[in-house]
Amino acid sequence: MTHREIGRLSSASGEWILRLGLALVLLWIGGMKFTEYEALAIKPMVERSILMSWVYSFFSVRAFSNLLGVVEIVAGVLIALRPWVAKLSAMGSALAAAMFLVTLSFLVSTPGWEASAGGFPALSVAPGQFLIKDIVLLGAALWATGDALAPAGRGVRAQ
């Protein structure tokens, strides 16, 4: 196998894993939003958020977590539909990108630095490390949006 063939195989495999991995993360974390554990874990971040601090005046902690879970699961399912319905996949990917942008805003509003390690740049496990991974997920969601909107002829039929 030539280095070009290995490169094409690696790239194709990486695209498949990236898309399905993004969908799996959203489905799994979305499913967790229906638990008391997860609803309570996100509460401090939502309460301090510059974008979302208002939601608990309209929703209970559990209701908002459940709603967020539905949105994440829908986005994950839509992303996974890429081989069959590219436009829906693009919508799910864009929705995921928007969610990750909002989540990343928590880095500004929720202290994420580990004081016992000297503060910045040492990230705490929660919320610091929990949030920083969303930079990669944001990139994956933006890539998946662009890929789903790309013209046909790149291997998977765009619709």
Side-chain angles (χ1 to χ4, degrees), residues 3-34 38-39 41-55 59 64-113 120-159:
H3 70 282
R4 286 193 174 112
E5 292 169 327
I6 293 170
R8 280 192 291 272
L9 178 61
S10 177
S11 181
S13 300
E15 287 182 20
W16 186 83
I17 292 168
L18 186 61
R19 181 178 296 106
L20 290 183
L22 179 61
L24 177 63
V25 164
L26 288 163
L27 291 167
W28 201 314
I29 293 173
M32 289 296 297
K33 292 292 188 293
F34 291 93
E38 182 70 11
I42 65 170
K43 183 178 182 238
M45 290 179 281
V46 172
E47 287 176 326
R48 292 184 185 116
S49 170
I50 56 177
L51 300 175
M52 302 180 70
S53 58
W54 56 271
V55 299
F59 299 100
F64 177 68
S65 187
N66 290 350
L67 176 64
L68 195 54
V70 168
V71 172
E72 290 177 29
I73 289 169
V74 166
V77 168
L78 292 176
I79 290 167
L81 291 176
R82 170 63 174 100
W84 303 282
V85 192
K87 287 181 183 174
L88 288 178
S89 182
M91 290 170 34
S93 300
L95 176 59
M99 288 187 319
F100 294 131
L101 281 171
V102 170
T103 303
L104 283 168
S105 76
F106 295 166
L107 283 171
V108 175
S109 58
T110 304
W113 312 116
F120 179 84
L123 286 172
S124 62
V125 173
Q129 293 176 29
F130 166 77
L131 295 173
I132 201 76
K133 65 159 174 35
D134 282 5
I135 294 171
V136 175
L137 293 170
L138 172 61
L142 290 172
W143 168 83
T145 302
D147 178 72
L149 293 173
R154 288 203 20 214
V156 178
R157 183 178 56 127
Q159 299 175 349

Atom pair [atom1] ([X]) and [atom2] ([Y]), whose distance is rounded to the nearest 0.5 Å:
X	Y	atom1	atom2	value
I17	L20	CD1	CG	8.5 Å
S65	M32	OG	CE	9.5 Å
L67	E72	CG	CD	10.0 Å
L137	L26	CG	CG	7.5 Å
L68	I42	CG	CD1	5.5 Å
K43	E38	NZ	CD	14.5 Å

Any donor-acceptor pair under 3.5 Å linking the side chain of S49 with the backbone of F106? no

Please check this pair: side chain of R82 against backbone of D147, looking for a donor-acceptor N/O pair closer than 3.5 Å.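 Between the backbone of D147 and the side chain of R82 there is a qualifying donor-acceptor contact (under 3.5 Å).
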
What pair of heavy atoms forms the shortest contact from A140 to L18, and how long is it? CB-CD1, 3.6 Å

Which atom names give the shortest non-hydrogen contact between S53 and E47, and what distance separates them?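 Smallest heavy-atom distance, with atoms named: CB-O, 3.3 Å.
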
Min side-chain heavy-atom separation E15-W143 under 4.5 Å: yes

Which pairs of donor and acceptor atoms, one on a side chain in residues 88-102, lie under 3.5 Å apart (sequence neighbours left out)?
unit_1: S89; atom_1: OG; unit_2: I79; atom_2: O; d: 3.1
unit_1: S93; atom_1: OG; unit_2: S89; atom_2: O; d: 2.9

Quick one: do I73 and F34 satisfy side chain to side chain contact (heavy atoms under 4.5 Å, CB included)? Show the steps, please. CA-CA 11 Å; I73 289 169; F34 291 93; 3.8 Å; yes

